[in-house]
Amino acid sequence: MELENNKKGWNRNEMAQKVALDIPDGAYVNLGIGLPELVADFVPEGREVIYHTENGLLGMGPVPEPGQEDPELINAGKKKITTIKGACFFHHADSFTMIRGQHIDICVLGTLQVSETGDLANWSTGKPGSVPAVGGAMDLVSGVKTILVITNHCSKDGKPKIVKTCTYPLTGKAVVNCIYTDLAIIDVCDNSLFVRELAPGISFDYLQEKTGAKLNQYE
Amino acid sequence: MINKIVKSTTEAVADIFDGAVIMISGFGNAGSPIELIHALIDQGAKDLTIVSNNTGSGEVGLAALIAHKRVKKMICSFPRTANSTVFPDLYTKGEIELELVPQGTLAERIRAGGAGIPAFYTPTSVNTPLAEGKECRTFDQTTCVIEYGIKADFSLIKCEAADRYGNLIYNKTARNFGPIMCTAANNTIVQTRRIVELGDIDPECVVTPGIFIKRLVEVSHPADEAKLVSENRRYPWS
């Protein structure tokens, strides 16, 4: 395929679209705060996906029209939302029963670091003086069957986010199944990283250079 | 006759004592009983331990209670949000304690407290700093950490409608921690947007049964916390 304007990598919407393509029809899905929220905009036609928000709703709908907002109808990121037909509300212990009791199929999270064995660090930099905040992240990684990570490949200061061993405090050990970045889609299998798809204009060698752990190619 | 309705928020919080453990409902702006918290600020109880998911925003509601140095310790999952500066400032200066709990573990500890379950095991937080120093056990090859039920002296709860028995319904995602916190306190105090007659809430639709409720007060026009914060309002109102 010819590349437009020597395009390199995927933008945020394209990354979210890649994740959405891997969510099967009928899945119950929890989306983390930030980039993961975009995934809801790209459900392929013909698929029905139910979004769970940890603060007590199954069946999260799109952003409300101006004037239709309700301050008591928000998502985990505290943004105003709507409900779909067939939605239901419940209290926090039921909400986390869905998460911790392995009833949610897929969770999409952002991250600070992911290791080659699927360790996730996304709640604290551990810096002295910083205020730690964990929210539902540890419950999600311990209770949800499939954990997908969507993230820029490198941090704002250019350091790899995919590393051999996480240096930030862990959210969970060996929990990540797949990583979607602006440069590639990478599966975590048998404690190793396998490149499933390269973004336009990205070579395997370039990707390896931007990654802090060994990458493998599928045979 | 059973009538749990009191006339004012002042009366509702009058017996809260220094050193009390208080659960406060809400997730972000949704479900926080701001008017009860403001009555508690006026009442003056101090050295409080507060159990709530967040630490409030701006300088109203829970954030105002913290700003007035009434809170000794916070037990919560997410003590920083946009517009949240009061808690982070005091925490950084070492002037307030924090017990950070994963959100699902927090909900389950409250549920357990209300159900008379002293402790339970969960895989959440294993292999992380939040499990350090805690007793672990392995069940079916899964390592789990012990967590303890939480009981409170008081819970402050916001709901949508209540009858004089204390049967409650909530509004949308403002339900969040309300129903479980109602069960886990010796004295559950509720502010409700509407008081309705007995029987007006379909028994099939009651969310919190009245047995868990001690006292109710009608607050028919509760403040929208996000709006107060955007207007830079501070409690007490100046």
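Scope of the values below: all heavy atoms of this structure, side chains included, with no hydrogens, waters or symmetry mates. Note that this is a predicted model, so its numbers are computed, not measured. So that the names make sense, note that chain A is the first sequence line, chain B the second, and so on, each numbered from 1.
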Determine whether more than 12 heavy atoms belonging to other residues, nucleotides or ligands lie under 6.0 Å from atom [atom1] of [X].
{"X": "D157(A)", "atom1": "CG", "value": "yes"}
{"X": "R12(A)", "atom1": "CZ", "value": "no"}
{"X": "K134(B)", "atom1": "NZ", "value": "yes"}
{"X": "E231(B)", "atom1": "CD", "value": "yes"}
{"X": "F120(B)", "atom1": "CZ", "value": "yes"}
{"X": "D190(A)", "atom1": "CG", "value": "no"}

Only pairs of heavy atoms separated by less than 4.5 Å count here; which of [options] has the most with chain A?
{"options": "S77(B), G104(B), A30(B)", "answer": "G104(B)"}
{"options": "T105(B), T92(B), I180(B)", "answer": "T105(B)"}
{"options": "T142(B), I110(B), N54(B), N29(B)", "answer": "N54(B)"}
{"options": "G28(B), G31(B), P79(B), P123(B)", "answer": "P79(B)"}

ask   = Would you say L98(B) and P132(A) make side-chain contact, with heavy atoms under 4.5 Å?
value = yes

Check: L100(B) and W123(A) side chains under 4.5 Å, non-hydrogen atoms = yes

Under a 4.5 Å heavy-atom cut-off, does chain B meet the side chain of [X], its backbone, both or neither?
{"X": "T83(A)", "answer": "neither"}
{"X": "S124(A)", "answer": "neither"}
{"X": "F96(A)", "answer": "side chain"}

[atom1]/[X] to [atom2]/[Y] distance, rounded to the nearest 0.5 angstrom?
{"X": "N176(B)", "Y": "L57(A)", "atom1": "CG", "atom2": "CG", "result": "12.0 Å"}
{"X": "S130(A)", "Y": "R80(B)", "atom1": "OG", "atom2": "CZ", "result": "7.0 Å"}
{"X": "F89(A)", "Y": "K172(B)", "atom1": "CZ", "atom2": "NZ", "result": "6.5 Å"}
{"X": "Q103(B)", "Y": "I99(A)", "atom1": "CD", "atom2": "CD1", "result": "7.5 Å"}
{"X": "L170(A)", "Y": "L130(B)", "atom1": "CG", "atom2": "CG", "result": "11.0 Å"}

remark   = Among H91(A), R100(A), E54(A), the residue with the most heavy-atom pairs under 4.5 Å to chain B is R100(A)

ask   = Ring centres of H92(A) and F27(B) under 6.0 Å apart?
value = yes

Side chain from CB out, backbone as N, CA, C, O: work out which of these in [X] comes under 4.5 Å of a heavy atom of chain A, or both, or neither.
{"X": "L106(B)", "result": "neither"}
{"X": "N127(B)", "result": "both"}
{"X": "V101(B)", "result": "backbone"}
{"X": "F87(B)", "result": "side chain"}

inquiry  = Within residues 136-151 of chain A, which residues come under 4.5 Å of chain B, heavy atom to heavy atom?
reply    = G136(A), M138(A), D139(A), S142(A)

Neighbourhood of chain B inside residues 66-81 of chain A, taking heavy atoms under 4.5 Å as contact = D70(A), P71(A), E72(A), L73(A), I74(A), N75(A), A76(A), K78(A)

remark   = Closest heavy-atom pair, G135(A) versus F78(B), reported as atoms and distance to 0.1 Å, is N-CD1, 3.5 Å

